[in-house]
Amino acid sequence: MYMVYWTIVEQDRCTPHERLFETTEMVEAMQYMEALRKRQREGEGVRFITMSSEHPDLVGHPGVDVTGPDYNWKKRRR
């Protein structure tokens with residue numbers, strides 16, 4: 001899934017917004033972001049346009065996990 005975030009700045013007020021796109025809609029999410037950037041270039045108070053993704057079928061938990069005592073990873077150098 002993809003979430004597009006942006007903020008509308010009007011005078012001294014910032015209003016955050018978001019829009020959800022399904023995993024199969026990456027192109028649509030990118031097009032939506034470009035439409036927001038076009039509005040920004042035309043002088044509208046659209047700021048902080050960004051996208052975040054999270055796959056619904058992840059096998060593990062996001063982030064760092066705890067390793068056990070048998071974990072022995074080494075960086076190999078040539």
Side-chain angles (χ1 to χ4, degrees):
M1 300 170 117
Y2 303 99
M3 186 73 82
V4 174
Y5 298 96
W6 71 98
T7 300
I8 302 293
V9 178
E10 296 175 313
Q11 295 158 354
D12 290 335
R13 183 178 174 149
C14 295
T15 309
H17 297 274
E18 78 283 334
R19 181 171 169 190
L20 177 67
F21 293 87
E22 293 300 321
T23 304
T24 59
E25 299 178 314
M26 182 178 182
V27 171
E28 290 86 349
M30 301 292 282
Q31 290 171 341
Y32 191 76
M33 290 175 61
E34 187 54 34
L36 289 169
R37 289 188 180 109
K38 183 176 186 263
R39 289 173 51 191
Q40 184 182 45
R41 287 189 297 269
E42 291 171 351
E44 284 189 51
V46 182
R47 302 286 184 266
F48 304 106
I49 303 162
T50 190
M51 181 174 71
S52 181
S53 66
E54 183 173 299
H55 199 285
D57 298 324
L58 286 174
V59 175
H61 298 289
V64 178
D65 200 358
V66 178
T67 60
D70 60 336
Y71 183 76
N72 190 19
W73 181 86
K74 291 186 175 96
K75 183 174 182 178
R76 295 182 185 198
R77 298 177 188 259
R78 291 181 178 200

Report the C-alpha separation of Met30 and Glu34 in whole Å, then their side-chain angles, then the decisive distance to 0.1 Å, and conclude whether the side chain to side chain contact (heavy atoms under 4.5 Å, CB included) test is met.
CA-CA 6 Å; Met30 301 292 282; Glu34 187 54 34; over 6 Å; no
One pair to check against side chain to side chain contact (heavy atoms under 4.5 Å, CB included): Glu18 and Leu20. What are the steps and the verdict?
CA-CA 7 Å; Glu18 78 283 334; Leu20 177 67; over 6 Å; no
Take atom CZ in Arg13; do more than 12 heavy atoms of anything else shown fall under 6.0 Å from it?
no
Would you check if Met26 and Tyr2 make a side-chain contact, meaning some heavy-atom pair closer than 4.5 Å?
yes
Side chain of Thr23, backbone of Met1: donor and acceptor closer than 3.5 Å?
yes
Within a 6.0 Å radius of atom CE on Met3, are there more than 12 heavy atoms belonging to other residues, nucleotides or ligands?
yes
Run Met33 and Trp6 through side chain to side chain contact (heavy atoms under 4.5 Å, CB included) and show every step you take.
CA-CA 9 Å; Met33 290 175 61; Trp6 71 98; over 6 Å; no
In Å and rounded to the nearest 0.5 Å, what is the CD to CD distance from Gln31 to Glu25?
11.0 Å
Side chain to side chain contact (heavy atoms under 4.5 Å, CB included) between Glu22 and Glu28, worked out:
CA-CA 9 Å; Glu22 293 300 321; Glu28 290 86 349; over 6 Å; no
Starting at NE2 of His17, measure out to CZ of Phe48 and round the result to the nearest 0.5 Å.
13.0 Å
To the nearest 0.5 Å, how far apart are CZ in Arg19 and CE in Met51?
13.0 Å
Taking all atoms of both residues into account, what is the closest heavy-atom pair of Val46 and Leu36, and its distance?
CG1-O, 4.0 Å
Minimum heavy-atom distance between Cys14 and Val9, given as atom pair plus value:
SG-CG2, 3.9 Å
